[in-house]
Amino acid sequence: MCPDTNISRLYLDFDSFFATAEQHFNPALRGRPVGVVPLDSPHTGCIAISREAKALGVKSMARIADTRRIVPDMIFVVARHDVYVRLHNRIVDVVNTVVPVAHVRSIDEVVCHLLPSEAREGRALADRIKAALAAAFSPELTCSIGIAPTELLAKIGAEAHKPDGFALIELADLPASLAHIALDDLPGVSDGMEKRLQAAGVTDFQSLWALAPKQARAIWRSVEGERFWNELHGQHAERLPTQKRMFGHSRMLPADWRTPQKVTICARQLALGAARRLRRADLRATKLTLGFKGGGYRGRSGSRKDDLRWDWEGHFLPTRDDHTVLATLAQGLDAAQRAVGFPPRSVSVMLHGLIANEQMTNDLFLTPTAPEQINISRWEAVSDLMDTLRQQHGPEAISLGGQDAVPGGYLGAKIAFGRIPDQSDFGNAPVADEDTHFCTV
Ligand SMILES: [Mg+2]
């Protein structure tokens with residue numbers, strides 16, 4: 001390889017990660033069509049499917065009932081996110097033995113910054129990583145690796161050669177070497193972005209490549225377009241870490257979980273998870289939002305578009321305590337009981353208006369002796385104490401009010417891009433690696 005290729009990034013992306021993780025931990029699942037579902041409910045769809053299922057024509061997101069029509073003996077297991085997070089941590093350790101991981105991009109994707117000597121190894125470097133992973137885990141747990149001048153190009157390379165693939169993308173070979181790639185297969189090109197690109201006359205990789213940076217910015221309607229252009233053309237566009245502006249999650253409700261009682265259980269657990277993360281980040285919140293979505297017609301892709309939504313917000317003095325958060329949530333749920341005229345398909349609870357401790361002490365409008373403020377300080381002390389007890393005696397040691405089981409568990413610790421939860425995010429006791437959670441429906 002020519003020494004001046006500017007190759008400096010390696011992107012590693014695991015294939016069907018949740019499904020292969022289940023096959024890794026349970027040898028009986030190897031070689032079988034496996035679907036991983038978020039909840040033990042017949043109404044959910046697969047969040048990952050094994051390559052054997054893919055080969056039989058099953059699409060990811062397929063619902064259990066539809067999938068069984070195509071593959072009657074398909075095995076469904078419920079996702080165990082804490083198990084996947086532990087596996088992720090072990091994977092990062094193994095990759096680090098070959099080349100240091102610079103950034104974790106998701107539970108199954110990492111990027112490494114390569115030294116010139118590493119970059120010159122090319123495929124041999126990828127093979128060394130794969131060999132280290134195979135030795136540490138099992139052959140099921142495969143990944144695809146891209147090596148390129150920028151992270152975007154390396155990611156494109158990894159994604160274009162799945163499963164167990166490798167691609168080395170050289171700037172000198174562009175755009176010809178990627179001419180076959182469909183626009184919507186590119187990271188960062190969503191359905192909506194593809195439509196905007198088409199409206200601007202960009203219909204394939206060649207015409208995307210030919211854009212000027214300013215045109216890209218106009219099509220993206222943000223500086224993100226220019227960032228994409230730069231990365232595509234071999235120039236690094238590092239992303240600045242974004243300031244956290246809210247904590248919380250939304251959650252799909254299975255059909256048998258759309259009653260007011262069960263929605264309340266879900267919303268309370270979402271709120272408690274958000275408050276716990278708020279305390280870990282050493283922040284206080286001033287606003288809680290509660291939202292429901294529902295209704296919906298099926299779009300062209302078969303996925304349902306929620307067309308009914310209801311949103312509520314409640315305000316409070318800056319706090320990080322469970323009591324205030326739950327009391328505010330209760331007001332929102334009361335309002336919802338009166339106003340929401342549709343069965344919700346999803347519920348979201350978020351904490352906003354985040355304030356750091358330093359800001360608190362400087363805020364003149366807060367009178368430390370005001371009765372509400374004294375009350376909040378007491379409840380904060382209670383919440384801090386409960387966090388300490390949970391750390392010492394396990395996540396189920398103590399909570400305000402009852403702890404009702406939610407199907408699938410893991411509320412508040414769903415794995416999101418860019419943030420890998422740790423064990424303390426999971427409201428349940430750890431699940432053993434080998435404890436496969438088979439669907440009962
Ligand atoms: Mg992946």
Side-chain angles (χ1 to χ4, degrees), residues 9-26 29-30 33-38 45-55 58-62 77-96 98-99 101-112 125-127 129-134 136-148 150-169 178 181-182 184-191 231 410 413-421:
R9 293 292 182 270
L10 179 147
Y11 204 93
L12 186 155
D13 180 358
F14 278 83
D15 309 313
S16 315
F17 183 62
F18 297 164
T20 51
E22 293 293 348
Q23 291 177 315
H24 165 63
F25 287 124
N26 187 341
L29 299 179
R30 296 180 191 172
V34 176
V36 180
V37 290
C46 297
I47 54 175
I49 55 173
S50 69
R51 75 197 53 173
E52 294 81 4
K54 270 182 198 163
V58 179
K59 297 268 181 275
S60 54
M61 304 307 293
V77 300
V78 181
R80 303 177 297 151
H81 292 300
D82 60 341
V83 171
Y84 308 150
V85 168
R86 287 199 302 269
L87 178 60
H88 159 87
N89 291 333
R90 299 206 288 272
I91 284 170
V92 170
D93 289 345
V94 171
V95 176
N96 269 326
V98 183
V99 58
V101 169
H103 302 286
V104 168
R105 292 304 186 209
S106 79
I107 184 110
D108 70 333
E109 294 174 40
V110 300
V111 56
C112 304
L125 177 68
D127 287 345
I129 296 174
K130 289 184 181 201
L133 291 168
F137 304 105
S138 45
E140 276 63 34
L141 211 61
T142 58
C143 63
S144 296
I145 292 178
I147 295 183
T150 63
E151 179 173 333
L152 176 68
L153 289 170
K155 184 173 163 74
I156 292 171
E159 285 189 1
H161 293 81
K162 287 188 147 295
D164 199 13
F166 171 77
L168 187 140
I169 296 182
L178 292 178
I181 286 198
D184 63 347
D185 281 341
L186 293 172
V189 179
S190 59
D191 284 357
E231 285 269 326
Y410 316 119
K414 252 173 57 183
I415 294 162
F417 279 99
R419 181 185 169 277
I420 308 301

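Since the model is a prediction, treat every value here as computed from it, not as a measurement. For reference, positions follow the sequence shown, starting with 1. When a ligand or atom number is given, it counts from 1 through the structure's own listing order.
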Student: Output yes when R105 and D13 qualify as a salt bridge under the 4.0 Å nitrogen-oxygen rule, no when they do not.
Tutor: no

Student: Can you check salt bridge (charged side-chain N to carboxylate O under 4.0 Å, His left out) on E22 and R80, steps first, answer last?
Tutor: CA-CA 9 Å; E22 293 293 348; R80 303 177 297 151; 3.1 Å; yes

Student: Side-chain contact, heavy-atom cut-off 4.5 Å: E159 with D185?
Tutor: no

Student: Indicate if the distance from the Mg ion (ligand 1) to the nearest N, O or S atom of F14 falls below 2.8 Å.
Tutor: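 Short answer: yes, at least one N, O or S atom is under the cut-off.
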
Student: Would you please say whether a donor-acceptor pair under 3.5 Å links the side chains of E109 and Y11?
Tutor: yes

Student: If I take every N, O or S atom of D108, is at least one of them less than 2.8 Å from the Mg ion (ligand 1)?
Tutor: yes

Student: Considering only N, O or S atoms, which atom of D13 is nearest to the Mg ion (ligand 1)?
Tutor: OD1

